[in-house]
Amino acid sequence: DQQVKQNSPSLSVQEGRISILNCDYTNSMFDYFLWYKKYPAEGPTFLISISSIKDKNEDGRFTVFLNKSAKHLSLHIVPSQPGDSAVYFCAASAGGNQFYFGTGTSLTVIP
Amino acid sequence: DAGVIQSPRHEVTEMGQEVTLRCKPISGHNSLFWYRQTMMRGLELLIYFNNNVPIDDSGMPEDRFSAKMPNASFSTLKIQPSEPRDSAVYFCASSRQNEKLFFGSGTQLSVL
């Protein structure tokens, strides 16, 4: 059973606009959340994370929002660039070494 | 610093053959993970080691899968016998305790 869900397999956005990627989780014990970015033929690379004590974390063009009551997090990319085209994975951990990943969302930024 | 190193990058084999995937974690990392990427399940954790000891292998799909970590700098994932449904990309990742994961480039496995 998927504890971390990314319900949108793909997303297309115009260059310069905002990209919003969503992630839902079921385990209320999760307290650490991460986003990874994956280009074809490469391994996933860490993008940004957030602890459950926060509801927002920002790093340049990337912002992650956490809504604990809804068990939902989202990644905002503003402005979107063609180089952001990749698969984005959401991951969660309940304080420990076990990270649960979603199925990924493929983002295409159209020039 | 070298990242996580996996070999081979691509493996094509016939059904029934033994397949061995290899991983060298980042020096100083004490946790190592094997993941499998599929369309249906995304990144699925197969097994992870802490200080070379297997901690959770509940994700290993069947007895045909086995993993070892004989020392802090090397791990293998073996499939014997392999089947077409094992075709996927297999990732190795390492981390320091309770910190974010660093992934290798993966092994693309095709079982014909």
Side-chain angles (χ1 to χ4, degrees), chain A residues 1-10 21-27 29-53 57 59 62 64 73 75 86-107, chain B residues 2-10 21 23-26 29-60 69 88-110:
Chain A
D1 190 30
Q2 286 282 130
Q3 297 192 52
V4 177
K5 299 178 184 179
Q6 294 177 257
N7 293 319
S8 298
S10 62
L21 296 95
N22 294 303
C23 178
D24 297 293
Y25 61 96
T26 57
N27 188 342
M29 299 299 291
F30 287 151
D31 60 3
Y32 184 45
F33 304 88
L34 309 91
W35 284 93
Y36 278 79
K37 177 178 177 178
K38 183 186 177 306
Y39 292 119
E42 294 183 11
T45 55
F46 171 76
L47 186 58
I48 192 169
S49 65
I50 188 168
S51 162
S52 61
I53 61 173
N57 188 26
D59 183 2
F62 302 91
V64 56
L73 68 156
L75 174 68
V87 177
Y88 290 79
F89 289 98
C90 169
S93 169
N97 266 356
Q98 196 149 351
F99 291 86
Y100 296 87
F101 283 80
T103 50
T105 296
S106 178
L107 173 67
Chain B
V4 176
I5 299 172
Q6 290 186 246
S7 64
R9 287 298 307 271
H10 303 273
L21 311 181
C23 176
K24 177 178 169 55
I26 293 172
H29 285 190
N30 61 347
S31 298
L32 183 140
F33 306 78
W34 284 100
Y35 281 88
R36 178 170 68 177
Q37 183 187 5
T38 62
M39 290 294 288
M40 290 298 294
R41 294 174 172 255
L43 284 167
E44 180 185 17
L45 178 64
L46 300 177
I47 185 171
Y48 83 90
F49 296 84
N50 203 37
N51 295 320
N52 312 339
V53 176
I55 301 301
D56 184 353
D57 65 354
S58 59
M60 296 285 260
M69 191 165 186
V89 182
Y90 291 80
F91 289 103
C92 176
S94 71
S95 74
R96 291 193 178 90
Q97 186 77 15
N98 296 341
E99 293 187 7
K100 62 179 183 282
L101 307 182
F102 290 81
F103 284 83
S105 298
T107 295
Q108 174 76 60
L109 174 64
S110 297

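Bear in mind that the values here come from a model prediction, so they are computed numbers and not experimental data. In what follows, every chain begins at residue 1, and chains take the letters A, B, ... in the order their sequences are listed.
Note that the CD atom of E42(A) and the CZ atom of F91(B) stand 9.5 Å from one another [nearest 0.5 Å]. Distance NZ/K100(B) to OG1/T45(A): 11.0 Å, rounded to 0.5 Å. Distance check, rounded to the nearest 0.5 Å: CE of M40(B) to OG1 of T103(A) gives 9.0 Å. S58(B) OG to Q98(A) CD: the interatomic distance, rounded to the nearest 0.5 Å, is 6.0 Å.
Ranking S95(B), G42(B), S31(B) against chain A, the residue ahead of the rest is G42(B), based on heavy-atom pairs under 4.5 Å.
A ring-centre distance under 6.0 Å is found for F103(B) and Y36(A).
For Q37(B), the part lying near chain A is the side chain, with the backbone staying farther off; criterion is any non-hydrogen pair under 4.5 Å. Contacts of L43(B) with chain A are made by both backbone and side-chain atoms, with heavy-atom separations under 4.5 Å. Heavy atoms of I55(B) lying under 4.5 Å from chain A are absent altogether.
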Could you go through the side-chain contact (heavy atoms from CB on, under 4.5 Å) check for F99(A) and Y48(B) one step at a time?
CA-CA 10 Å; F99(A) 291 86; Y48(B) 83 90; over 6 Å; no
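You'll find the side chain of E99(B) stays beyond 4.5 Å of the side chain of F46(A), heavy atoms only.
Using a distance-only test at 3.5 Å, with no hydrogens or angles considered, a donor-acceptor pair links the side chain of R9(B) to the main chain of A41(A).
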